[in-house]
**Q** 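Please see the structure below; I have some questions.
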Amino acid sequence: RKIGISILVLFLALGMNIASPFQKNVIQAAENTGFEIHTISVGNADATLIRCGGQTMLVDAGYSTEAEEKGNSFKNPLSSYLMGNNKVSKEQSDAFRNNVKQLIAENPDNTVTKYLESQGIQTVQEGSADKGKSGLDVMIATHPHYDHIGGFIPVMNRYFGVNTRMFWGAPFETDSYYEAYQSELMDAQLAREDDGLVDPFMSFGGPRAGDYFMLGEGDEQARVLFLTSADPAEGTSIDAINNSSLVIRIDYKNASFLLTGDLQREGQKKLIASAPALLTQLQEMAKRDDNLKDLLQCKNILQVDYLKLPHHGYLNLGDLPDDSEVSGNYEFFEQVKPSIAVASTNGR
């Protein structure tokens with residue numbers, strides 16, 4: 001399938017540290033069109049910016065700090081808790097929450113906020129008359145792991161406006177990091193209550209498989225379709241949470257894109273198994289919904305042109321018995337058949 005994809009490389013100096021001339025990548029669905037997908041270089045983490053028809057969407061937001069992108073995160077209270085099976089004791093809870101607040105206060109900016117600024121996306125300024133038009137139009141957190149949502153608080157403090165839509169992969173119960181993160185964000189939102197802002201954790205339900213929305217205005221619109229639901233992970237392990245990632249398919253004219261969060265082999269198998277029934281459901285909807293009518297000709301909802309590789313590109317092509325140790329297999333790639341694949345990683 002020919003989709004006419006062109007690749008532009010942006011040379012953007014954030015401070016004086018440029019690890020590679022390919023540090024910032026933009027892929028356009030076709031030259032001089034209204035669609036771009038930006039893979040922001042945030043180390044072994046994810047942050048993807050999509051621009052379409054005058055609107056913007058951020059999927060995941062990397063770490064909280066730039067130091068963590070270089071692998072210096074293990075003494076950080078937000079990331080070290082992951083090494084302890086995603087838990088802190090009740091006695092540690094208050095201290096943990098204070099550490100979260102301190103880290104956020106000391107790092108009001110990160111790579112993602114700087115990149116959004118470089119792209120000319122307007123911040124939501126206090127006292128601004130156009131709060132409804134400023135900021136990001138959509139934010140999506142694929143799953144509540146630090147390398148995907150750690151950067152959202154500085155992003156939200158600058159780019160969460162009254163019309164911003166927020167979608168979250170469901171956390172598991174009693175997630176200490178998520179609770180501390182939620183508390184800090186709620187405090188930040190309450191401090192700006194006069195702006196009409198709301199707490200996105202409490203005000204937006206998680207999406208279900210088959211839900212979609214249109215990004216962009218006029219003729220330049222992309223369809224953003226959820227292929228998985230925001231269900232709580234079955235268990236508290238890192239693998240279980242990864243396999244509960246929101247998976248998003250984006251269609252813009254004749255080009256298609258798949259963002260897979262940290263989906264590992266078990267999650268990939270479930271997605272492959274559920275895809276035919278989901279496509280049948282969508283095709284029934286397409287008989288009454290013009291935004292879905294192109295799917296009437298679709299044979300495989302997973303087959304796309306562009307794949308954001310799941311779990312930072314970790315891949316095992318063998319047949320290991322322990323699925324928790326691997327993140328990909330031939331079956332998934334045979335289903336997707338991408339023309340372009342992108343790995344968001346620092347090489348670990």
Side-chain angles (χ1 to χ4, degrees), residues 27 29 35-40 42 45-53 55-62 112 136-145 147-149 152 155 164-170 200 204-216 221-231 233 241-253 255-264 267-268 270-272 274-275 278-279 281-282 285 291-292 294-295 298 300-313 327-328 332 335-336 338 340-344:
I27 294 180
F35 184 96
E36 299 173 356
I37 183 165
H38 303 231
T39 298
I40 305 174
V42 286
D46 271 9
T48 304
L49 173 68
I50 292 95
R51 310 191 73 160
C52 183
Q55 293 189 346
T56 53
M57 176 173 72
L58 181 69
V59 181
D60 292 330
V112 176
L136 291 160
D137 295 284
V138 181
M139 299 184 194
I140 299 176
T142 59
H143 63 292
H145 269 162
D147 55 330
H148 292 253
I149 66 172
F152 264 123
V155 169
T164 301
R165 288 176 288 178
M166 185 80 202
F167 299 93
W168 282 86
F204 295 84
R208 311 303 299 170
D211 289 350
Y212 79 91
F213 61 88
M214 304 303 292
L215 181 73
Q221 288 190 318
R223 183 184 60 227
V224 181
L225 172 66
F226 293 96
L227 301 188
T228 56
S229 299
D231 293 323
I241 298 165
N242 284 342
N243 284 320
S244 296
S245 294
L246 289 176
V247 176
I248 305 151
R249 174 177 167 135
I250 304 170
D251 289 273
Y252 174 78
K253 298 186 178 178
S256 50
F257 306 79
L258 193 65
L259 308 181
T260 55
D262 272 0
L263 208 65
Q264 296 183 198
Q268 292 170 25
K270 288 182 178 179
L271 180 60
I272 291 168
S274 65
L278 177 60
L279 179 58
Q281 170 192 329
L282 291 166
M285 295 167 58
N291 288 329
L292 298 172
D294 60 295
L295 294 179
C298 182
N300 180 357
I301 196 71
L302 298 181
Q303 188 169 341
V304 297
D305 303 299
Y306 169 108
L307 172 66
K308 199 290 295 182
L309 288 165
H311 206 195
H312 315 289
S327 291
F332 182 70
Q335 290 284 326
V336 179
I340 291 177
V342 174
S344 182

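What you see is a predicted model; the values in this text were computed from it and never measured.
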**Q** Are the side chain of S229 and the backbone N or O of A209 linked by a donor-acceptor pair below 3.5 Å?
**A**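 Present.
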**Q** Given S245, which partner from the list H143, H311, Q264 fulfils the side chain to side chain donor-acceptor pair (under 3.5 Å) test?
**A** H143
**Q** Which atoms form the tightest heavy-atom contact between L302 and L227, and what is the distance?
**A** CD2-CD1, 3.8 Å
**Q** To the nearest 0.5 Å, what is the distance between CG on D251 and OH on Y212?
**A**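 D251 CG to Y212 OH: 12.0 Å, rounded to 0.5 Å.
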**Q** Does any non-hydrogen side-chain atom of R223 lie less than 4.5 Å from one of L292?
**A**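 L292 reaches R223 side chain to side chain.
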**Q** Show the nearest heavy-atom pair for residues F226 and L278, with the distance to one decimal.
**A** O-CD2, 4.5 Å
**Q** Could you check Y306 against Y252 for ring pair (Phe, Tyr, Trp, His ring centres under 6.0 Å), going step by step and ending with a plain yes or no?
**A** CA-CA 12 Å; Y306 169 108; Y252 174 78; over 10 Å; no
**Q** Does some side-chain heavy atom of S244 sit less than 4.5 Å from a side-chain heavy atom of D231?
**A** no
**Q** As an exercise, state the distance from CD1 of I140 to CH2 of W168, rounded to the nearest 0.5 Å.
**A**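 Result: 11.5 Å between the selected atoms.
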**Q** Going by side-chain contact (heavy atoms from CB on, under 4.5 Å), name the residues that satisfy it together with A45, two or more places apart in sequence or in a different chain.
**A** V42, Y63, D147
**Q** If you look at every heavy atom in A61 and V155, which pair is closest and at what distance?
**A** CB-CG2, 4.4 Å
**Q** Does the side chain to side chain contact (heavy atoms under 4.5 Å, CB included) test come out yes or no for L279 and N300, once each step is laid out?
**A** CA-CA 7 Å; L279 179 58; N300 180 357; 5.8 Å; no
**Q** For the residue pair I241 and D262, establish whether any side-chain heavy-atom pair is separated by less than 4.5 Å.
**A**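 The answer is no; the side chains never approach within 4.5 Å.
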**Q** Run the numbers on D60 and T48 for side chain to side chain contact (heavy atoms under 4.5 Å, CB included), then give the verdict.
**A** CA-CA 7 Å; D60 292 330; T48 304; over 6 Å; no
**Q** Mind checking whether F167 and F213 have parallel, tilted or perpendicular rings, split at 30° and 60°?
**A** parallel
**Q** Distance from T39 atom OG1 to D46 atom CG, nearest 0.5 Å?
**A**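 Those atoms lie 8.5 Å apart.
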**Q** For a quick test of reading the model, state the closest non-hydrogen atom pair linking V342 to I340 and the distance between them.
**A**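 Smallest heavy-atom distance, with atoms named: CG2-CG2, 4.2 Å.
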**Q** Would you call I50 and F35 a side-chain contact if the rule is heavy atoms closer than 4.5 Å?
**A** yes
**Q** Calculate, to the nearest 0.5 Å, the distance between atoms CD and CD1 belonging to Q335 and I301 respectively.
**A** 12.0 Å
**Q** Are K308 and I37 side-chain neighbours, meaning at least one heavy-atom pair lies under 4.5 Å?
**A** no
**Q** Between L136 and L49, does a side chain to side chain contact (heavy atoms under 4.5 Å, CB included) hold up when you go through it step by step?
**A** CA-CA 10 Å; L136 291 160; L49 173 68; 4.2 Å; yes
**Q** Check whether any side-chain heavy atom of L307 lies under 4.5 Å from a side-chain heavy atom of F332, and answer yes or no.
**A** yes
**Q** Shortest non-hydrogen contact from M214 to Q55?
**A** O-OE1, 4.3 Å
**Q** Between A222 and C52, what is the shortest heavy-atom contact and its length?
**A**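 For A222 and C52, the tightest heavy-atom pair comes out as N-SG, 3.5 Å.
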**Q** Using the test side-chain contact (heavy atoms from CB on, under 4.5 Å), find all partners of A343 that sit at least two apart in sequence or belong to another chain.
**A** L309, T345
**Q** Carefully, step by step, assess L271 and V247 under the rule side chain to side chain contact (heavy atoms under 4.5 Å, CB included).
**A** CA-CA 9 Å; L271 180 60; V247 176; 4.1 Å; yes
**Q** So how far is it from H148 NE2 to N242 CG, rounded to the nearest 0.5 Å?
**A**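 Atom-to-atom, H148:NE2 and N242:CG are 6.5 Å apart.
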**Q** Hey, what do you get for CG (L246) to CZ (R208), rounding to the nearest 0.5 Å?
**A** 10.0 Å
**Q** Under a 3.5 Å threshold, yes or no: a donor from one side chain and an acceptor from the other, between D305 and S256?
**A**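 Yes.
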**Q** With a 4.5 Å limit on heavy-atom distance, are the side chains of V224 and V138 in contact?
**A**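 Answer no - side chains too far apart.
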**Q** Please examine the side chains of L282 and L225, heavy atoms only from C-beta on, and report whether any two atoms are closer than 4.5 Å.
**A**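 Result yes, sub-4.5 Å side-chain heavy-atom pair found.
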